[in-house]
2 protein chains.
Amino acid sequence: MSMSSEPPARRRPTHRKGRATLTRESIGRAALDFLGRRGPAELTMRSLATDLGVSPRAIYNYVEDRRDLITVAAEIFEADWQPPQLVPTPDRWRTDLRAYCADLRAHYRRHPGMTSLALRENITLARHPTMLRNVDALIGFYATVGLPLPDAYRACMETIRLVVGFVEFQDSLHDHPPAHLDPAEHSQPLPSWLQPDGPGGDLPHLTRLQEDTRQPDSPDTLFAFSVQILIDGIGARVAGGEF
Amino acid sequence: MSMSSEPPARRRPTHRKGRATLTRESIGRAALDFLGRRGPAELTMRSLATDLGVSPRAIYNYVEDRRDLITVAAEIFEADWQPPQLVPTPDRWRTDLRAYCADLRAHYRRHPGMTSLALRENITLARHPTMLRNVDALIGFYATVGLPLPDAYRACMETIRLVVGFVEFQDSLHDHPPAHLDPAEHSQPLPSWLQPDGPGGDLPHLTRLQEDTRQPDSPDTLFAFSVQILIDGIGARVAGGEF
DNA sequence: ACCTGAACACCGTTCAAGT
DNA sequence: ACCTGAACACCGTTCAAGT
């Protein structure tokens, strides 16, 4: 709204000592990048400050504390996601929902530990306009498919929880295996913590799985199964009243 | 196997300075109790040592490090659960599965943060005989209901993930609300991070939910919905070939 | 054999002082 | 206005020494 006749307002300098001036947003984005590169365990106020080329104290000029820093990072993380389009037509909604879940999964995988960090710091998901629009669209999708609005809301929450839970509990182990697991475990039909000891254990189904399985389920296979269960579960609920 | 004629083997003293001698198990159980009482943020080697009445160094005589401590606690946690019986008959499997999930949920809620701690320390679930038996039984249940064995395994994993995810992402917020959320939020139809700002936001479904909902879903309602989706999803997969 | 006390390197956070 | 350097209270972990 400023007229050209006014003297330009004094502006915050954009640089200082060769690097861009810090902002709350730039710090949050740096934290998010850090997470993607080095993981949640290494993200400390001091290491982030080193990355940014400032003293640790400088960060506190823009965020309250570590909790606040992670909140900003979570906000940016959520606003960064652009979901694929959802077309709730009778012949396409299942396919579209599958693609939607796959895309959400990929987004979370890009920033490992974001969720477990937020969990640990008791951070409620950040309230960003983009995130609100995305949630609203997913609820609308389920409503159009045939769920009553309260159920559409519950289905939306369950969908997000399924994807986030899968990434945190399954993908994260696969993408960043802990150091104490030797790589040979990966070719086993069952994960190491489920392998039956021997024939004496009286674990008939695990034993049969261990013997009969040629190669272990890939994470993608497991994810496809879980999403199919979700889709069929939703499908059962709209059966009859669908459209 | 020792005969009565042999001199009794020298035994480890059971007490020292008035308190019971430490063992790997007693330390793990103390850590688990601590989690239930004071939560994961306060569980440190030093605070646990104070609780036990020893110096921090003493703990290191029984566990390798903090990671190992949490592993022992996780083992005990898993071995502590006695699941309800699963009877895979045509008329009862849905009811039994519902009860099974409810019981597993209750078990995890008793020790808040156990999962997120294990996640953070990259701990694969502990390999305890009791846990293996429980997993084997659940796979057997799904197999009897009508799933091929590989699908029964996938369904077992999905079931556990659903329950654990629900406890970590939903119940934990409800049972231990973060300090910055005022209690008034609890009576709102939507959680604070989903409330639309005003009429201008163009969030039609969230706005309608906010206006039409009398009282918010209880965690139990949300959980029942998620489990029903799971059951229907499994049901769709065994339809026709059921028993 | 099992423990204590002191110490080290690290962390989040704050204070007083610089420019 | 924005930053640095030093400091404080905490943490996991280790060392040397006690009983």
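Reminder, nothing fancy here: chain letters follow the sequence lines and each chain counts from 1. Fair warning: this is a prediction, and the values are worked out from it, not measured in the lab.
Nucleotide C:dA9 has no partner under the Watson-Crick or G-U criteria, as no pair reaches both atom distances under 3.5 Å. Pairing for D:dG18 is with C:dC2, a Watson-Crick or G-U wobble pair whose two hydrogen-bonding atom distances lie under 3.5 Å.
OP1 and OP2 of C:dA1 both lie 4.0 Å or more from every side-chain N or O belonging to B:N61.
Minimum atom distance to the side chain of B:A58 is reached by C:dT4, of the listed C:dT4, D:dG12, C:dT13. In the set D:dG12, C:dG12, C:dT4, the nucleotide with an atom closest to the side chain of A:M45 is C:dG12. The B:R57 side chain lies nearest to D:dT14 when the options are D:dT14, D:dT13, D:dC3. Each of C:dA7, C:dG12, D:dT14 was ranked by its minimum atom distance to the side chain of B:R46; first place goes to C:dA7. With distances taken from any side-chain atom of A:Y62 to the nucleotides C:dC3, D:dC11, D:dC2, the minimum falls on D:dC2. Candidate nucleotides D:dT4, C:dC2, C:dT14 were compared by shortest atom distance to the side chain of A:Y60, and C:dT14 ranks first. Taking only side-chain atoms of B:T44, from C-beta outward, the nucleotide of C:dC3, D:dC11, C:dT4 with the closest atom is D:dC11. Looking at the side chain of A:L22, the nearest of the listed nucleotides C:dT13, D:dC3, D:dT13 is D:dC3.
Contact of the A:S47 side chain with the A:T44 side chain is registered, since non-hydrogen atoms from C-beta on lie closer than 4.5 Å.
Straight-line distance from the CG atom of A:L52 to the C1' atom of D:dC3: 14 Å, rounded to whole Å. Rounded to whole angstrom, the span from the CD atom of B:E64 across to the P atom of D:dG12 amounts to 16 Å. Taking atom CD on A:E42 and atom P on C:dA9, their separation rounds to 19 Å, with Å as the unit.
A salt bridge is absent between A:R46 and A:D51: the closest approach of a Lys/Arg side-chain nitrogen to an acidic carboxylate oxygen does not fall below 4.0 angstrom.
Annotation: cation-pi geometry not satisfied between B:R105 and B:F166 (NZ/CZ under 6.0 angstrom from ring centroid, within 45° of ring axis).
Remark: aromatic rings of A:F77 and A:H107 are close, center separation under 6.0 Å.
Each of B:D65 and A:S55 was matched to the nucleotide of DNA chain D holding its nearest heavy atom; the match closer to the 5' end belongs to A:S55.
By the salt bridge (charged side-chain N to carboxylate O under 4.0 Å, His left out) test, A:R29 is found to be paired with A:E25, A:D80, residues two or more places apart in sequence or in another chain being considered.
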